[in-house]
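Structure first, commentary second.
Below, chains carry the letters A, B, ... as their sequence lines are ordered, and counting in each starts from 1. Note that these values count all heavy atoms, side chains included, but never hydrogens, waters or copies made by symmetry.
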Amino acid sequence: MKISKEEVEKLAHLSRLQLDETAVTSMQKDMNKMLSFVEKINELDLEGVEPLAYMSDEVNVLRADEIKQEITHEEALKNAPDKDTDYFRVPKVLR
Amino acid sequence: MNFPSLVAIRQAISEGQTTCLDLVNFHLNEINKQENLNVFLEVFGEEAQERAKSIDEKIKSNSAGKLAGLVIAIKDNICYKGHNVSASSKILENFESLFSSTAVERLLAEDAIIIGRTNCDEFAMGSSNENSAYGSVKNPINPNKTPGGSSGGSAAAVAANLCQVALGSDTGGSIRQPAAFTGTVGLKPTYGRVSRHGLIAYASSFDIIGPIAKSVSDAAIVLEVMSGGDNYDSTCTKREVPAYSALLNSTKTKRIGYLKDALENPGMDPEVVTLFQAKIDKLKAQGYTVEPIEFPYLDFLVPIYYLLTTAEASSNLARFDGIHSGFRSKNAQDLESTYKLSRTEGFGLEVQRRIMLGTFVLSSGFYDAYFAKAQKARRFVRDKTLSFFHDYDMLLSPTSPHTAFDLNLDYQDPTVLYLEDIFTVQANIAGIPAISVPMGIHSNGLPTGIQIMANRFEEAEMLAFSEVLMNI
């Protein structure tokens with residue numbers, strides 16, 4: 001299949017990316033190349049094959065539900081681009 | 001000062017010929033001299049010197065760990081507490097890790113010295129190390145060539161003797177292809193053998209940490225130290241960890257299969273085929289049974305890989321929001337533009353493409369036709385691959401169809417580079433271990449690699465056989 005410009009714009013929104021018109025055009029071109037490349041798998045006969053989702057054969061890996069303070073409040077905020085003493089700061093949400 | 005292995009280093013230390021501090025100073029000097037390769041994003045120089053002094057004391061008092069004397073570099077997607085880690089992305093510039101990855105913790109506990117973090121493709125997405133926000137890495141063997149990717153900096157660091165061993169990560173060949181391009185040994189363990197805790201996620205059902213080394217024995221001892229169950233990664237196996245480094249001298253391997261279809265691939269460099277054939281002939285001469293096997297599915301592997309890994313990446317990379325960590329766009333006006341502009345300005349083009357494709361294959365209406373179908377294809381390939389191990393102990397192929405290619409090529413089509421992974425992705429799709437060891441030097445002066453794949457958790461036998469293969 002081919003992806004349209006509108007679909008690229010919709011996917012960009014879902015991906016939280018901001019593509020200008022030039023970027024949408026080149027992304028559309030790239031994505032269509034990528035899609036025709038991956039569509040090769042349609043040639044495989046997969047009738048009756050179950051999807052494989054988990055690669056690990058560990059089952060029911062459980063641990064005691066204990067409270068652990070692994071990082072401090074201050075550490076949690078350390079890498080934030082904007083913060084105050086207690087919180088992550090974001091631009092105004094409601095206007 | 002170029003030691004083939006940690007064993008040789010320990011010997012030299014015990015004979016008073018060198019110390020950990022000498023080794024660190026030597027490597028720091030080399031890093032400085034070979035700065036033009038752009039291998040390190042950050043060097044932990046003073047800290048490495050301090051640590052070397054204290055480990056030298058431990059060696060004197062006979063209380064040093066297994067890895068005392070080993071100077072290690074880590075790929076820039078592996079967390080080390082109190083140190084920056086960026087996945088070679090602008091979106092994580094100035095990000096400081098709050099904890100160490102389990103792999104790093106275990107190396108430190110055995111007295112390894114970490115000398116710095118190495119350049120790589122952004123979020124480990126790439127095969128030439130050119131997708132880094134911090135510039136490409138040059139191949140130390142020929143600086144006009146790529147060292148491969150995504151662990152290109154790690155492989156170049158070992159090849160240029162800037163450290164003894166480097167950690168990489170392998171999602172589709174990111175340890176093995178750079179190892180082949182730089183004449184080093186690159187080991188991708190079985191999925192779940194090494195904890196992924198503290199490895200910045202690309203595609204969680206494929207990713208694994210592994211070593212790049214000058215020798216099989218160094219790869220073996222580093223794997224041995226890093227492996228084993230971890231409460232922070234429920235997919236990491238609790239199976240016992242064999243003493244890989246002590247099991248290198250005897251191999252039970254007798255029957256070897258090689259992928260006939262790989263040799264007939266149109267992209268193959270004929271000289272790589274010749275070098276590969278020469279190895280096969282030598283194995284046969286030594287009494288091994290070596291047979292061609294049919295696997296007419298090579299062309300499906302990379303498409304399966306991209307469908308699944310982009311889906312996982314689009315989900316894993318959703319956490320980079322411009323709010324909790326790293327980079328925020330200065331142009332953001334409100335919450336939505338904070339997300340959108342920070343991500344658009346913070347992620348490079350290839351990362352954006354993969355997020356977009358991943359979002360597409362997971363989106364409503366396309367999920368079954370793409371993502372679920374690729375998961376079925378994954379089972380098909382996994383089962384087919386594992387079935388070969390009923391008849392064969394090891395599977396061989398070249399690691400890459402050719403030698404290291406030129407830097408700065410103009411790619412009109414992003415999928416051209418995707419085919420770099422054609423022989424390596426099978427191991428990640430199937431979750432099996434694989435290793436690349438040097439296969440010989442091409443007439444163009446560049447190294448080539450041979451890949452050995454083994455059954456799940458058969459690293460001990462695979463490593464022992466690698467030692468044989470390297471030396472025949």
Chain A contact via B/Phe380 - side chain, backbone, both or neither, heavy atoms under 4.5 Å: both

Salt-bridge criterion met for A/Asp57 and B/Arg456 (N-O under 4.0 Å): yes

Minimal non-hydrogen separation, A/Pro81 against B/Gly322, with atom names: CG-O, 3.3 Å

Donor-acceptor pair, side chain of B/Arg379 and main chain of A/Pro51, under 3.5 angstrom: yes

Where A/Ser56 and B/Thr235 come nearest, the two heavy atoms and their spacing: OG-O, 3.3 Å

Proximity breakdown for A/Met34 and chain B, heavy-atom pairs closer than 4.5 Å: both

Reported NZ-to-CD distance for the pair B/Lys81 and A/Glu75, which is rounded to 0.5 angstrom: 5.5 Å

Pair B/Lys376 + A/Glu50, salt bridge at N-O below 4.0 Å: no

Any donor-acceptor pair under 3.5 Å from A/Asn79 side chain to B/Glu96 backbone: yes

B/Lys340 side-chain N/O to A/Ser15 backbone N/O, donor-acceptor pair under 3.5 Å: no

Heavy-atom contact with chain A under 4.5 Å, split by part of B/Ala318: neither

Interface moiety of A/Leu62 toward chain B, non-hydrogen atoms closer than 4.5 Å: neither

Taking every non-hydrogen atom, the tightest pair across A/Asp30 and B/Pro414: OD1-CD, 3.9 Å

Heavy-atom pair of closest approach, residues A/Met1 and B/Phe360: SD-CZ, 3.8 Å

B/Arg343 side-chain N/O to A/Leu17 backbone N/O, donor-acceptor pair under 3.5 Å: no

Among the listed options B/Phe327, B/Tyr370, B/Tyr339, the residue most often paired with chain A at heavy-atom distances under 4.5 Å: B/Tyr370

Interchain contact, A/Leu77 with chain B, by part (heavy-atom threshold 4.5 Å): neither

Residues B/Asp413, A/Lys33: salt bridge by 4.0 Å N-O rule: no

